[in-house]
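These notes are about the structure you will find just below.
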Amino acid sequence: MRSWSISVGRLFGVDIRIHLTFVILPVFIYWTDYALHQTAANGPRDLALVGIILACVAGHELGHMLAARKFGLVPKAVIFLPLTGVALYDESKIEKQPATLMWKREVRIALLGPLANLALAVFSIAAIAASGVSSDLWKWPFLQSANLPKSVVWANLYIAGLNLIPAYPLDGGRLMRVLFARTLDLPSATRRAVSISSAIAMVLILAGLFSDSWLTMVGIIVFSAAQLEERALVFQSVLDNVRLEEVMLTDFATLSPADTLEDALEKAVHSLQDDFPVVRGSDMVGVISRQRILDALRAEGNGYVQAVMSKIFDVSLRDDSLGSAFRKLTARSSSIIPVVEDQRLVGIVTLQNLMHSMSLLAESRKLRRDESVE
């Protein structure tokens, strides 16, 4: 899902990202505004309505994250989609919990999002009432750029209601997955929830064609999110079940700490690698990247690899999973993991080859599963 989103900054250490499907929202609002009034739509007000919806989604996700923190889940990123959002947590830092406690945790986290929106809606109604301004709160259409105060109320109510639809990865779908997980393993429960979500999305899309076009947009969003979750599930399966020996590079170039930077750059020119293990005899003593070689040459001129290589690095065994290597790479923000056996360097895994292999393996497994279904 990250690959379909762009980062817009960090807040309290959390990476804030906007999903690319969010561009649908301003276009859709502008189009519906024009269809409603049969005149030129009000661009600034339409953008203000988009901002209101984004703020309501942010409030929704804040409710989830506050609940998650009570269970020790640290948010790494939050991705805003139209009318909903997805928070990504670092679950590797907490201990595994019994199924009963995990069930309670998932229910509480799922419910706090809609409750946050309901609280915001009540607060907005009270603010409108206190201002004494007539807002036609119960007059159709409820969500429109012509009446932004009313839209604050109904955007929160719509988002709370939408997220209670039993369609994964919405909150109602997560509650449905929790129920399935009481009798199925988590991947199977997720797969069943995604299948039901896809069916619900198609119903919403078709219903919107004959009634309210907002239903069609909601259906498209739910369908897109469900497909992204299914792909994430396949990737997770690859991470957990594929060993490094199946994807590691065994034909690779190495450097010596006694190599000069100019010699190292010459070797790098004739290699497809971006990162190199540095070996002295049979011992690996460091790692260095092509970019680090270039930066050192520009800054200090020619020197020796030993002076600029990184001496702090993680290693993996050939039987380790892709998931363990991926966590090591991201933990140190590094781009290469040496693979050893009996303290001998037998291969390397780079971030580039790891992502490439994961993508190919995930696509292969998806194709095999589709063929078995047929």
Could you please spell out the steps behind the side-chain contact (heavy atoms from CB on, under 4.5 Å) verdict for D314 and I337? CA-CA 6 Å; D314 287 309; I337 290 283; 4.0 Å; yes
Do [X] and [Y] have side chains that get closer than 4.5 Å, going by heavy atoms?
| X | Y | answer |
| --- | --- | --- |
| L345 | F252 | yes |
| L204 | T216 | no |
| D171 | H64 | yes |
| R298 | D295 | yes |
| L148 | I52 | yes |
| R105 | L73 | yes |
| L255 | D263 | no |
| L120 | C56 | no |

Salt bridge check, R17 against D15: does any charged N sit closer than 4.0 Å to a carboxylate O?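 Yes.
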Between D274 and R290, is there a side-chain N and carboxylate O pair less than 4.0 Å apart? yes
CD1 of I53 to CG of N156: how many Å apart, nearest 0.5 Å?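 Rounded to the nearest 0.5 Å, the CD1-CG separation comes to 10.5 Å.
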Point-to-point distance, once rounded to the nearest 0.5 Å, from OH of Y304 to CE of M309: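 Rounded to the nearest 0.5 Å, the OH-CE separation comes to 14.0 Å.
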Please find the pair of heavy atoms, one from N163 and one from P114, that lie closest to each other, and give the distance.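 Nearest heavy atoms, N163 then P114: CB-CG, 4.5 Å.
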In terms of heavy-atom contacts, M176 and I196 come closest through SD-CD1, 3.9 Å
The test is side-chain contact (heavy atoms from CB on, under 4.5 Å); show your working for E245 and D320 and say whether it passes. CA-CA 8 Å; E245 63 183 352; D320 288 348; over 6 Å; no
Could you walk me through whether D275 and R292 pass the salt bridge (charged side-chain N to carboxylate O under 4.0 Å, His left out) test, one step at a time? CA-CA 9 Å; D275 304 273; R292 177 63 181 138; over 6 Å; no
Does a donor on one side chain and an acceptor on the other come within less than 3.5 Å for D259 and S256? no
Set of side-chain hydrogen bond (donor to acceptor under 3.5 Å, both in side chains) partners for S316, sequence neighbours left out: K328
Can you hop from L118 to I125 via hydrophobic side chains spaced under 4.5 Å?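 Per the 4.5 Å side-chain linkage, L118 and I125 are co-clustered.
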Carefully, step by step, assess V340 and V346 under the rule side-chain contact (heavy atoms from CB on, under 4.5 Å). CA-CA 5 Å; V340 299; V346 294; 5.7 Å; no
Counting only heavy atoms not in F180, do more than 12 fall under 6.0 Å of its CZ? yes
Should Y158 and N117 be marked as a side-chain contact (heavy atoms from CB on, under 4.5 Å) after you check the CA-CA gap, both sets of side-chain angles, and the distance that decides it? CA-CA 9 Å; Y158 277 144; N117 285 122; over 6 Å; no
Is the NZ or CZ atom of R177 both under 6.0 Å from the centre of the six-membered ring of Y168 and within 45° of that ring's axis? no
E300 side-chain N/O to L297 backbone N/O, donor-acceptor pair under 3.5 Å: no
For V278, which of P338, P257, S310 qualifies under side chain to side chain contact (heavy atoms under 4.5 Å, CB included)? P257
